[in-house]
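Since the model is a prediction, treat every value here as computed from it, not as a measurement. Computed from heavy atoms alone, side chains included, the values below leave out hydrogens, waters and symmetry copies. Residue numbers run from 1 in the order of the sequence given.
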Amino acid sequence: MSFRVLMGTTSLRTTYPFAMRIAITGASGLIGTALTSHLRGNGHERVSFVRRPAASPAEISWDPMAGKLNARDLDGIDAVVHLAGAGIGDKRWTPSYKREILESRTATTALLARTIASLSRKPSVFLSGSAIGIYGPRNDEQLDESSNHGSGFLVDVCQQWEAAAKPAIDAGVRTVFLRTGIVLTPKGGALKKLLLAFRIGAGGRFGNGKQWQSWITLDDEIGAIQHLLTANVSGPVNLTAPSPVTNAEFTTVLAKVLRRPAILPIPSFGPKILLGGELADALLFTGQRVMPKALLASGYEFAHPTLDIGLRALLTK
């Protein structure tokens with residue numbers, strides 16, 4: 001396989017030795033939508049998991065919370081990309097929503113892994129979602145896939161999320177855990193939320209700005225996923241750019257790209273009142289300094305290796 005990315009642009013060009021039939025959960029989400037569009041543009045057949053009766057051969061019906069998935073619907077699937085899960089920052093972390101965050105990941109992963117393991121003709125690869133939250137808040141410590149896990153709610157979620165894939169691993173299916181960082185795109189997620197404040201000159205660092213932010217552009221997130229479909233890699237893979245930055249650095253670069261000032265630091269009490277202290281700390285005031293060691297070792301070349309390159313590609317088209 002040859003893999004080529006046009007540096008400094010948002011255009012991804014890939015040459016594959018064969019077309020694949022790829023089943024995707026979370027296909028209507030931010031990453032899933034971009035992935036399905038890109039794979040279709042590269043000649044692959046994508047099949048989306050839906051939680052209603054399938055309307056066409058391009059859909060697979062399932063009910064993960066009830067444990068319902070017809071194994072025959074996975075016949076002929078070459079790869080499964082699992083991106084489904086309740087949004088970490090979509091709601092306050094009440095006990096019930098914490099349970100939803102966890103179960104929306106573990107139940108879906110376990111059902112997929114069991115079903116894949118039961119097939120006589122198994123997919124060649126299972127790319128299962130995860131997150132760099134598995135490392136927990138680590139201050140300035142540089143982390144890679146060999147680093148120990150931290151402690152806290154998100155750590156527990158990620159550990160159970162990855163453990164749920166064990167049946168697929170035991171069945172000999174190459175399984176990759178997509179430990180994703182902060183995905184940058186003006187279409188959604190953290191960057192979209194920041195842009196309004198920054199564009200009117202009201203942006204600034206969060207707290208003291210010393211917390212690390214390990215980011216990746218949406219283009220490189222998609223590029224890495226497609227690369228891992230055929231790369232000889234298994235186990236955890238950090239999907240982050242090779243140049244993590246502190247929140248203060250992120251703020252400075254974003255303001256520079258937008259040609260706006262960033263002089264109003266945001267104290268912690270406001271977001272903690274709005275979101276709740278635990279969620280605000282997890283999203284805004286703590287972080288991880290994560291390196292994509294496994295991804296780089298596998299031969300992936302980033303389109304946007306630095307934040308300045310990435311934000312200019314995203315915001316100055």
Side-chain angles (χ1 to χ4, degrees), residues 24-26 29-32 49 51 62 64-67 80-114 126-139 141 143-169 175-183 188-190 211-216 221 224-225 234-240 244 271-272 275-290 292 294:
I24 304 171
T25 75
L30 185 68
I31 297 172
F49 283 81
R51 303 191 191 203
W62 71 330
M65 304 316 293
V80 176
V81 183
H82 177 33
L83 303 173
I88 295 296
D90 288 357
K91 299 178 183 179
R92 290 177 69 94
W93 282 2
T94 62
S96 62
Y97 194 61
K98 278 186 169 184
R99 186 165 55 252
E100 182 178 344
I101 288 172
L102 175 63
E103 293 178 353
S104 67
R105 288 162 170 76
T106 56
T108 54
T109 303
L111 178 58
L112 286 168
R114 291 195 306 269
F126 179 32
L127 303 185
S128 188
S130 186
I132 61 171
I134 198 167
Y135 303 113
R138 303 290 279 272
N139 297 318
E141 182 181 356
L143 307 165
D144 61 37
E145 291 85 357
S146 66
S147 299
N148 293 332
H149 301 167
S151 61
F153 170 65
L154 291 183
V155 175
D156 293 341
V157 168
C158 292
Q159 288 176 331
Q160 293 184 58
W161 192 2
E162 293 186 3
K166 189 174 185 297
I169 297 172
T175 300
V176 179
F177 300 112
L178 306 173
R179 291 183 178 173
T180 298
I182 302 168
V183 179
Q211 64 274 32
W212 284 90
Q213 296 188 305
S214 297
W215 58 276
I216 186 170
E221 176 81 5
I225 290 172
S234 60
V237 177
N238 294 330
L239 268 55
T240 60
K272 287 184 177 181
L275 302 174
E278 187 180 12
L279 174 55
D281 278 339
L283 293 185
L284 304 175
F285 299 106
T286 62
Q288 302 87 18
R289 186 183 183 183
V290 178

> Out of curiosity, Glu221 CD to Thr240 OG1, how far, rounded to the nearest 0.5 Å?
Replying inline: 10.0 Å

>> Holding to side chain to side chain donor-acceptor pair (under 3.5 Å), I want the full list of residues that pass it with Glu278, two or more places apart in sequence or in another chain.
In response: Lys98

> Any chance CG of Asp90 has more than 12 other-residue heavy atoms, nucleotides or ligands included, within less than 6.0 Å?
Replying inline: yes

> Does the side chain of Thr175 come within less than 4.5 Å of Ser234's, by heavy atoms?
Replying inline: no

>> Let's go through Leu239 and Val183 carefully: what are the C-alpha distance in whole Å and the side-chain angles of both, what is the deciding distance for side chain to side chain contact (heavy atoms under 4.5 Å, CB included) to 0.1 Å, and is it a yes or a no?
In response: CA-CA 9 Å; Leu239 268 55; Val183 179; over 6 Å; no

>> So which atom in Pro64 and which in Ala107 form the shortest heavy-atom distance, rounded to 0.1 Å?
In response: O-CB, 4.2 Å

> Does Gln213 reach the main-chain N or O of Gly287 with its side chain, forming a donor-acceptor pair under 3.5 Å?
Replying inline: no

>> Would the distance check show the side chain of Gln211 and the main-chain N or O of Leu284 forming a donor-acceptor pair, the cut-off being under 3.5 Å?
In response: yes

>> Taking Ala86's backbone N and O only, do any of them form a donor-acceptor pair with Ser104's side chain (distance below 3.5 Å, no angle check)?
In response: yes

>> Using side-chain heavy atoms (C-beta onward) and a distance below 4.5 Å, is Phe153 in contact with Ile101?
In response: yes

> Should Ile31 and Ile225 count as side-chain neighbours, where that means a heavy-atom distance under 4.5 Å?
Replying inline: yes

>> I want to check something: taking the side chain as every heavy atom from C-beta on, are Trp212 and Asn139 in contact at a cut-off of under 4.5 Å?
In response: no

>> For Tyr135 and Arg179: C-alpha separation, side-chain torsions, deciding distance, then whether side chain to side chain contact (heavy atoms under 4.5 Å, CB included) applies.
In response: CA-CA 10 Å; Tyr135 303 113; Arg179 291 183 178 173; 2.9 Å; yes

> What closest approach, in Å, do Ile182 and Ala190 show between heavy atoms, and which atom pair accounts for it?
Replying inline: CG2-CB, 4.0 Å

>> Is there a side-chain contact between Leu102 and Asp156 in this structure, where contact means two heavy atoms from C-beta onward sitting under 4.5 Å apart?
In response: no

> If you look at every heavy atom in Ala131 and Cys158, which pair is closest and at what distance?
Replying inline: O-SG, 3.7 Å

>> Just verifying a value: how many Å separate Ile132 CD1 and Arg289 CZ, rounded to the nearest 0.5 Å?
In response: 13.0 Å

> Got a sec, which residues hit side chain to side chain donor-acceptor pair (under 3.5 Å) with Lys91, two or more places apart in sequence or on another chain?
Replying inline: none

> Would a distance-only check, ignoring hydrogens and angles, find a side-chain to backbone donor-acceptor pair under 3.5 Å from Thr106 to Gln160?
Replying inline: no

> Which atom pair, heavy atoms only, marks the closest approach of Leu154 to Ala282?
Replying inline: CD1-CB, 4.0 Å

> If you measure from CD1 on Ile216 to OG1 on Thr180, what distance do you get to the nearest 0.5 Å?
Replying inline: 7.0 Å

>> Distance check, rounded to the nearest 0.5 Å: Asn148 atom CG versus Glu141 atom CD?
In response: 8.0 Å

> Between Trp62 and Leu111, which heavy-atom pair has the shortest distance, and what is it?
Replying inline: CE3-CD2, 3.9 Å

>> Would Thr108 and Thr25 count as a side chain to side chain contact (heavy atoms under 4.5 Å, CB included) here? Give the steps.
In response: CA-CA 9 Å; Thr108 54; Thr25 75; over 6 Å; no

>> Is the shortest side-chain heavy-atom distance between Arg105 and Ser130 below 4.5 Å?
In response: no

> Taking the six-membered ring for Trp, are His82 and Phe126 parallel (under 30°), tilted (30 to 60°) or perpendicular (over 60°)?
Replying inline: parallel

> Ala113 and Ala164: which non-hydrogen atoms are nearest, and at how many Å?
Replying inline: CB-O, 3.7 Å

